[in-house]
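Lettering follows sequence order; numbering is per chain, from 1.
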2 protein chains.
Amino acid sequence: MRAGERAYRELRADIVSWRLVPGQVLGEVDLSERLGISRTPVREALSRLTADGLTEPHSGRGVVVSALSADDVRALYELRDTLDCRAAELAAQRGDPETFRALADELSHAAERLSDDPDHPAYYELVDRMDEQIDAAAGNPYLQQALANVRLHLARVRRLATSDPQRLAAAAAEHEAIARAIAHGDAPLAVATTRVHLKNALSKALGSPALAVARPEAS
Amino acid sequence: MRAGERAYRELRADIVSWRLVPGQVLGEVDLSERLGISRTPVREALSRLTADGLTEPHSGRGVVVSALSADDVRALYELRDTLDCRAAELAAQRGDPETFRALADELSHAAERLSDDPDHPAYYELVDRMDEQIDAAAGNPYLQQALANVRLHLARVRRLATSDPQRLAAAAAEHEAIARAIAHGDAPLAVATTRVHLKNALSKALGSPALAVARPEAS
DNA sequence: AACAAGGGCTTTGTATACACACGACGCGCA
DNA sequence: TGCGCGTCGTGTGTATACAAAGCCCTTGTT
């Protein structure tokens with residue numbers, strides 16, 4: 001794989017998983033030495049990260065990992081609500097019912113998977129598949145790209161909240177309701193169920209105590 | 001100014017103004033010679049353009065200017081409707097009435113400006129200012145960034161349609177209605193007026209005969 | 001003691017040279 | 001004559017060297 005691509009994915013994963021905390025300075029020379037590559041692909045990776053909004057230029061001091069305050073989370077969910085509801089609406093109008101019926105069935109007994117692994121990768125893989133299907137059904141590449149960017153930042157928020165099995169089970173039920181609404185071609189219901197899910201998810205995310213610690217750059 | 005920044009802006013302007021047509025291959029060496037800079041800043045510029053969606057990687061053969069079909073325009077307006085209506089709604093809820101009242105007053109006699117210049121830069125400057133004020137009033141940086149990207153592609157669409165003075169006058173009236181709705185804090189009306197404007201704008205854009213010529217890469 | 005100016009150092013911005021990969025063209029063989 | 005393989009060329013991917021710009025620290029002055 002290209003070195004720049006690998007550096008980009010690695011740094012992105014580090015930021016999303018909070019191994020790199022907000023305010024952390026990312027120097028080109030440091031990174032090139034740590035990753036064993038030259039500065040050129042590192043520059044490309046940092047440029048892409050900044051375009052994604054995960055890092056910000058820091059006036060002559062390279063780039064730093066972006067902060068993520070409670071206000072950011074609220075704003076992010078505000079946009080997510082706008083985009084996700086629209087995507088669900090379009091998916092209900094244009095999507096293939098059978099696809100979403102199958103997803104709903106999988107989600108209906110997703111609770112069994114929740115204890116399989118401490119980080120619940122199987123569950124999140126299922127949710128990711130559902131997102132992909134919604135994107136495909138909506139059939140709007142511009143909407144898809146906007147959603148991809150939101151989900152990138154959202155993955156960062158997700159790692160803040162402790163993975164509460166009870167909340168995950170409820171979220172699975174909410175996702176199932178969304179999938180069934182789309183499968184029935186009921187656009188208003190798809191929007192409503194999506195909105196319910198996002199409201200609950202936001203409440204959970206804002207309840208995370210880690211948000212107060214999320215801006216340590218004031219040192 | 002930095003060479004990479006200048007190259008980015010120049011190429012972006014060329015694409016938006018259709019001086020560079022879809023399918024046009026952008027070679028790094030060619031551009032570096034034409035712009036009088038080295039390949040490094042050119043690479044940065046092309047990377048940013050691709051992130052913006054204005055260019056696409058062309059299977060190892062550099063990047064090409066993205067196509068813009070009628071379906072693309074429809075999808076773009078679908079996303080624009082989603083984002084602009086939400087932004088107008090938020091602006092009506094959170095914005096300063098006086099700011100938008102002033103904008104509405106300016107727009108009310110914008111028809112006089114329409115004959116000042118063949119390309120009507122004063123009018124578009126006014127619309128841009130209104131977009132900025134809506135962004136500021138919405139107070140959501142993530143929404144703002146998504147809107148900025150949509151408007152970038154939209155600027156490309158705008159250059160396709162012939163600037164019809166009659167349509168521009170109607171658009172000014174529609175903008176005024178939006179501004180007044182926001183000034184009154186009437187969120188539902190702000191959404192409705194925005195939707196009306198977008199519907200008309202899309203009809204006008206799709207009526208452009210240039211859309212059929214917009215994909216000459218099939219040579 | 002506080003502020004301002006200057007110099008040094010760190011870090012990014014740019015240029016260039018090299019390596020590699022893909023595609024195209026041409027040649028040879030069936 | 002058509003297909004397949006090899007070689008060549010073009011263009012990107014990466015590395016490195018050089019240049020410029022910003023910040024911090026020091027030092028001098030008020």
Side-chain angles (χ1 to χ4, degrees), chain A residues 1-15 19-67 145 215-219, chain B residues 1-15 19-67 145 215-219:
Chain A
M1 187 188 294
R2 293 194 343 260
E5 182 73 17
R6 180 165 46 205
Y8 168 69
R9 295 191 186 184
E10 198 159 329
L11 288 172
R12 191 181 61 176
D14 283 347
I15 294 174
R19 283 189 292 271
L20 288 174
V21 297
Q24 173 76 259
V25 177
L26 299 180
E28 295 178 2
V29 181
D30 293 345
L31 289 175
S32 64
E33 290 172 353
R34 174 138 47 100
L35 299 175
I37 57 182
S38 85
R39 276 181 54 214
T40 308
V42 169
R43 274 182 76 81
E44 180 201 332
L46 291 178
S47 181
R48 290 174 65 181
L49 289 172
T50 301
D52 289 338
L54 290 178
T55 58
E56 296 171 351
H58 186 267
S59 175
R61 216 61 175 181
V63 302
V64 300
V65 179
S66 299
Q145 190 190 344
R215 25 172 138 181
E217 80 277 12
S219 62
Chain B
M1 186 188 294
R2 295 194 342 261
E5 183 73 17
R6 180 165 46 204
Y8 168 70
R9 295 191 188 185
E10 198 158 328
L11 287 174
R12 191 181 61 176
D14 284 346
I15 294 175
R19 283 189 291 272
L20 288 175
V21 297
Q24 174 76 258
V25 177
L26 300 180
E28 296 178 1
V29 181
D30 293 345
L31 289 175
S32 63
E33 289 173 355
R34 173 139 45 103
L35 299 174
I37 56 181
S38 84
R39 277 181 54 211
T40 309
V42 170
R43 275 182 75 82
E44 181 200 331
L46 292 179
S47 181
R48 290 175 65 182
L49 289 172
T50 301
D52 288 338
L54 290 179
T55 58
E56 296 171 350
H58 183 264
S59 168
R61 216 62 176 180
V63 302
V64 300
V65 179
S66 299
Q145 189 190 345
R215 27 172 137 177
E217 80 276 10
S219 62

- line: Looking only at heavy atoms, the pair that brings A/G4 and A/A45 closest together is O-CB, 4.0 Å
- prompt: Can you check the B/L35 CG to C/dA15 P distance for me, whole Å?
  reply: 11 Å
message: Taking the basic N atoms (NZ, or NE/NH1/NH2) and the acidic carboxylate oxygens, is any pair closer than 4.0 Å for A/E44 and A/R2?
response: yes
task: Take atom CD of A/E28 and atom C1' of D/dT16, then tell me their distance rounded to the nearest Å.
output: 14 Å
query: Can you name the nearest heavy-atom pair linking B/E28 to B/L46, along with the distance?
result: CG-CD1, 3.9 Å
What are the atom names and distances for every N/O pair under 3.5 Å that joins the protein to nucleotides 20-23 of chain D?
residue	atom	partner	partner atom	Å
D/dC23	OP1	A/S59	OG	3.2

- prompt: Between D/dT10 atom C1' and B/L26 atom CG, what is the distance in whole Å?
  reply: 17 Å
query: Could you give the CD1-to-C1' distance, from A/I37 to D/dT16, as a whole number of Å?
result: 14 Å
task: Identify, residue by residue, the members of residues 38-47 of chain A with a heavy atom below 4.0 Å from DNA chain D, and return them in order of residue number, or none.
output: A/S38, A/R39, A/T40, A/P41
field: Residues that A/Q145 engages under side chain to side chain contact (heavy atoms under 4.5 Å, CB included), provided they are two or more places apart
entry: none
Could you tabulate the donor-acceptor pairs under 3.5 Å formed by side-chain atoms of residues 54-62 of chain A, not counting sequence neighbours?
residue	atom	partner	partner atom	Å
A/T55	OG1	A/T50	N	3.2
A/T55	OG1	A/T50	OG1	2.9

- request: Find out whether A/Y8 and A/D52 are in side-chain contact, i.e. whether some heavy atom of one side chain is under 4.5 Å from a heavy atom of the other.
  value: yes
task: Please name all residues satisfying salt bridge (charged side-chain N to carboxylate O under 4.0 Å, His left out) with A/R34, sequence neighbours left out, ordered by chain then number.
output: none
statement: To the nearest angstrom, the CD-P distance between A/E33 and D/dA15 comes to 13 Å
- line: In terms of heavy-atom contacts, A/S32 and A/V29 come closest through OG-O, 2.7 Å
task: Starting at atom CG of A/D30, determine the distance to atom P of C/dT10, rounded to an integer number of angstrom.
output: 12 Å
- line: The salt bridge (charged side-chain N to carboxylate O under 4.0 Å, His left out) partners of A/R9 (sequence neighbours excluded) come to A/E5
message: In whole Å, I'd like the distance from the CE atom of B/M1 to the P atom of C/dT14.
response: 11 Å
message: In this structure, how many angstroms lie between the C1' atom of D/dT12 and the CG atom of B/L31, rounded?
response: 13 Å
